[in-house]
Protein chains: 2
Amino acid sequence: MAPTRLRDVAERAGVSIRTVSNVVNGYAQVSDETRQRVEQAVAELGYHPNLLARNLKRGRTGLIALVVPELDVPYFSELARAVVAKARLHGYTVVIDQTDGEPDRERELIMRGASAALFDGVILSPLALSQADLARRDAAGPLVLLGERIAASPYDHVAIDNVAAASAATEHLLALGRTRIAAVGDQPYDTGETAQLRTRGYREAHAARGLRVDDSLIVSTHKFHRSDGAAAMADLLDHPGGPPDAVFCYNDLLALGAIRTLLTRGVRIPDDVAVVGFDDIEAGRYNTPTLTTISPDKTMIAQLAVDRLVSRLDGRSPGEPGELWAPYSLEIRESTGG
Amino acid sequence: MAPTRLRDVAERAGVSIRTVSNVVNGYAQVSDETRQRVEQAVAELGYHPNLLARNLKRGRTGLIALVVPELDVPYFSELARAVVAKARLHGYTVVIDQTDGEPDRERELIMRGASAALFDGVILSPLALSQADLARRDAAGPLVLLGERIAASPYDHVAIDNVAAASAATEHLLALGRTRIAAVGDQPYDTGETAQLRTRGYREAHAARGLRVDDSLIVSTHKFHRSDGAAAMADLLDHPGGPPDAVFCYNDLLALGAIRTLLTRGVRIPDDVAVVGFDDIEAGRYNTPTLTTISPDKTMIAQLAVDRLVSRLDGRSPGEPGELWAPYSLEIRESTGG
DNA sequence: CTGAAAGCGCTTACAG
DNA sequence: CTGAAAGCGCTTACAG
């Protein structure tokens, strides 16, 4: 079946295509009688506008890209869900691209490459993007970054206060009387900004109580998966200075992996070791023990990012690019005795 | 910066736009010298083709839709990841749409509606689609269904053998000597086909051993979330005939919810109650106890679906629409003593 | 091997 | 309020 075009509708209704276009787009200047004739023709022919043609003419695609490291990491799929829903309200369709944390894929997706040319704008949760990458960006559309601002880049970004949140998580453990608190998930290289901010929060909480940090309790992990947390915890249990009595993991997946190791080794939670995570994914709420965690407001993050992107796309001027802060809370559950 | 067009490149290189198009698309009939001039102009201007215009002309969009009930359900996000990756290899971009299991959204996405008009083809994991819905479909592009075939519909579908898999899961529990095996996740209404097939497998496993099923041990759930599994398990523990000694849950999320309830109530797993799930999501591999489950080959499912869709899109004739079967396996873990 | 031209289906000044 | 026409940026028969 050859698709119906504006022209077919126009012929059937006995009007010009201009008039059909007016009716379809809901512009007011059409007489009631003409409108009805057109609407009937549209219904009879089952006409739907060709979005490609419309957008070619309008100079937009109606597509925005959401770029995340891994779609099947719960934090990102929960976030993606919220972004897709929010963008829909504004009439935009979201294409989700996963980079597997490969720097090349991330760069490609913000540049005016074959794929980027398809999108009006991009929301990116970067893992390995440097300031230089951003400076080199040559694509036309707006870009909103999720997570910590990459220093001095001229782009909007949406984040929670990672230092304060990590500090709150650590202080919670300190207030419980724990004295050897490990930190799992540090990434002490140039693209590990978010992890480094959490480490800073961890240090600040200690400093606020006049305590010094045992650096050997800060453990780096390559990724933020359950397996990384499980491996890191195994190492910590064999720590020469004895195992820690608490662990602050930089995301819930790490924490769930760590818990698995603890339980396997017969360590009691929270009695012997208390555990705190970060992200508040559903898995942590049903784990045994349930997981104490920092809960970023993902709905708010999605909303701030989409609203900002769309207002730039629609030519409204939301002002200079800058930081947008989303709230978070500490959810106390069984893994710390809650 | 106004985008460069084919025309700009043609002017700079001193050739016609036809020639630039030939070079850009890699068609052979261009002299080496001309090609070089064009390539240099492309590089200097940073030209990238306008995909909208190209696809308008070619009569395709390059977009395929993946429609799932909920993006943040691990089975779907793991599947989505595989589909996105596979489609990329064929040059297609995937748009993921979530329906929240709303029948209207599912219907809209397979019909020639505003959104569907944007896609060359659709891969749909239906939850509430009826045969009538499919019969009414008027969109042009191919559709591949994930999961059980909706009776006699003229579409391709990719599935595992749910009856056999459910039977294998149940038989595993029977072989362990369990005698009161509950089934959690039945959906005895017209759109719950997959659930019903699993119930059939559950019954067949019993029948094969000459055992009769206690129908009161078959529990329906509205959704397949952890909370549904937790609630169902709570009910089963208060079963008038006494609690079951095993539970077969129709997905891992239900099983993880059920396990949470069991542990909260002090029931030992698998000693008192053994648990089997379905889907093999990562959460089950790190849970304590680790979860015995049916593991569908998700990579294969994604590959079969994408390959079939793309071969129809590209005009190859893969034959009559029909079933494509993906393999599965039973993964025995701690929740059944493995 | 390359050019001039039509047309994909739409939107939108320009007239009337 | 409505029509005839140009043009978004591309691809591709048709000529040469």
Side-chain angles (χ1 to χ4, degrees), chain A residues 1-39 41-42 45-63 91 112 114 116-120 140-141, chain B residues 1-39 41-42 45-63 91 112 114 116-120 140-141:
Chain A
M1 97 192 85
T4 8
R5 298 151 303 162
L6 219 40
R7 205 181 136 171
D8 303 320
V9 179
E11 276 174 15
R12 182 169 198 116
V15 298
S16 77
I17 63 170
R18 158 79 209 233
T19 300
V20 180
S21 178
N22 281 152
V23 172
V24 168
N25 288 291
Y27 299 151
Q29 328 81 310
V30 182
S31 71
D32 266 9
E33 195 243 322
T34 305
R35 173 186 308 284
Q36 287 196 351
R37 275 221 314 283
V38 171
E39 279 170 352
V42 164
L45 296 172
Y47 170 76
H48 289 283
N50 179 317
L51 268 21
L52 243 30
R54 169 180 291 176
N55 289 333
L56 172 60
K57 188 63 195 168
R58 286 187 178 165
R60 45 155 267 174
T61 65
L63 258 30
R112 183 175 45 184
L118 197 55
F119 309 120
D120 292 334
Chain B
M1 97 192 85
T4 8
R5 299 151 303 162
L6 220 40
R7 204 181 137 171
D8 303 319
V9 179
E11 276 173 14
R12 183 167 197 118
V15 298
S16 78
I17 62 169
R18 158 80 210 231
T19 301
V20 179
S21 179
N22 280 344
V23 172
V24 169
N25 288 290
Y27 299 150
Q29 327 80 311
V30 183
S31 71
D32 266 11
E33 194 242 321
T34 305
R35 171 186 310 282
Q36 288 196 351
R37 274 220 316 283
V38 170
E39 280 170 351
V42 165
L45 296 172
Y47 170 75
H48 290 283
N50 179 316
L51 267 22
L52 243 30
R54 169 180 289 175
N55 289 333
L56 171 60
K57 188 64 193 166
R58 286 187 178 166
R60 44 156 268 174
T61 66
L63 258 30
R112 184 176 45 184
L118 196 56
F119 308 121
D120 292 333

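Residue numbers begin at 1 in each chain, while the letters A, B, ... track the order of the sequences. Nothing here was measured: the structure is a model prediction, and the numbers come from that model. Below, each value reflects all heavy atoms present in this structure, side chains not excepted, and no hydrogens, waters or symmetry copies.
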Inset, instruction - If a protein heavy atom is under 4.0 Å from the base, mark B; if only from the sugar-phosphate, S; if neither, -; do that for nucleotides 5-10 of chain D going 5' to 3'. - result: --BBBB
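Residues that satisfy the side-chain contact (heavy atoms from CB on, under 4.5 Å) test with B:Ser21, not counting sequence neighbours, are B:Leu6, B:Asn25. In this structure, the side-chain contact (heavy atoms from CB on, under 4.5 Å) partners of B:Arg37, at least two apart in sequence or on a different chain, are B:Val15, B:Glu33. Residues forming a side chain to side chain donor-acceptor pair (under 3.5 Å) with A:Asp32 (at least two apart in sequence, or on another chain): none. B:Arg54 is linked by a salt bridge (Lys or Arg N to Asp or Glu O under 4.0 Å) to nothing, counting only residues two or more places apart in sequence or in another chain. Evaluation of the side-chain contact (heavy atoms from CB on, under 4.5 Å) rule for B:Glu39 yields B:Val23, B:Arg35 as partners, not counting sequence neighbours.
Summarising the geometry, the separation between CG on A:Asp32 and P on D:dC1 is reported as 9 Å, rounded to the nearest angstrom.
Shown here for A:Gly62 and A:Asp120, the closest heavy-atom pair between the two residues is N-OD2, 2.6 Å. Nearest heavy-atom pair across A:Val20 and A:Val9 is CG1-CG1, 3.7 Å.
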Legend entry - Which nucleotides of DNA chain D pair, in dot-bracket form (Watson-Crick or G-U under 3.5 Å, | meaning another strand): |||.||||||||.|||
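Contact between the side-chain N/O atoms of A:Ser31 and the OP1/OP2 oxygens of D:dT2 is found at a separation under 4.0 Å.
For residues 7-26 of chain B, the set of pairs meeting the salt bridge (charged side-chain N to carboxylate O under 4.0 Å, His left out) definition, not counting sequence neighbours, comprises B:Arg5-B:Asp8, B:Arg7-B:Glu11, B:Arg12-B:Glu44.
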